[in-house]
Amino acid sequence: GSVGASTLTMSLNADASMSADATGNYCRIVGNWGVSGGQFTARGTECLGFVVTLVAPASISRLSGTWVASGGARGQFDITR
């Protein structure tokens, strides 16, 4: 990401809520997730109030895509189950 590399742990719940915790200079994200048209999207707010959106092709075992925060930070992510 734009503030350095990190390890991300994302919890996706059956009620479409989600949370993501990262190491380093990243805050916890709390929000919602969904899949539409083969695309995974998660959107939540982090501790400084920025809205973070993560987008990736939908997959059961691996999500590899991009994220962007409303403050302008952006980066890539790769998560395996």
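Throughout, numbering of the chain's residues begins at 1 and tracks the sequence. Please read all numbers here as calculations on a predicted model, not as lab measurements.
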So, taking the atom named [atom1] in [X] and the one named [atom2] in [Y], what distance separates them when rounded to the nearest 0.5 Å?
| X | Y | atom1 | atom2 | answer |
| --- | --- | --- | --- | --- |
| Arg43 | Ser70 | CZ | OG | 10.5 Å |
| Thr53 | Arg74 | OG1 | CZ | 10.5 Å |
| Asp21 | Arg28 | CG | CZ | 4.5 Å |

Examine [X] and [Y] and state if one hydrophobic cluster contains both, with Ile, Leu, Val, Met, Phe, Trp and Tyr joined whenever side-chain heavy atoms are less than 4.5 Å apart.
| X | Y | result |
| --- | --- | --- |
| Leu12 | Phe77 | yes |
| Val55 | Ile79 | no |
| Val51 | Met18 | no |

Shortest non-hydrogen contact from [X] toward [Y]:
| X | Y | answer |
| --- | --- | --- |
| Ser64 | Pro57 | O-CD, 3.5 Å |
| Phe50 | Ala69 | CB-CB, 4.5 Å |
| Asn13 | Trp33 | O-NE1, 2.9 Å |
| Ser6 | Thr23 | OG-O, 2.7 Å |

message: Could you tell me if the side chain of Val52 sits less than 4.5 Å from the side chain of Val68, heavy atoms only?
response: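 Not in contact.
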
Practice problem: Measure the shortest side-chain to side-chain distance between Leu54 and Met10 over non-hydrogen atoms and say whether it is less than 4.5 angstrom. | Solution: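 Of all side-chain heavy-atom pairs linking Met10 with Leu54, at least one is under 4.5 Å.
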
- Item | For Ser11, side chain to side chain contact (heavy atoms under 4.5 Å, CB included) partners two or more places apart |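 Per chain and number, Ser11 pairs via side chain to side chain contact (heavy atoms under 4.5 Å, CB included) with Ser19.
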
Quiz prompt | Any donor-acceptor N or O pair under 3.5 Å, side chains Arg81, Ser61 | solution =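 No pair is found: no donor N or O on one side chain lies under 3.5 Å from an acceptor on the other.
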
**Prompt:** In chain order, what residues pass the salt bridge (charged side-chain N to carboxylate O under 4.0 Å, His left out) check against Asp78, with sequence neighbours excluded?
**Reply:**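 Per chain and number, Asp78 pairs via salt bridge (charged side-chain N to carboxylate O under 4.0 Å, His left out) with Arg62.
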
Look at the side chain of Asp15 and the backbone N and O of Ser17, then say whether any donor-acceptor pair between them is shorter than 3.5 Å.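 Answer holds: yes.
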
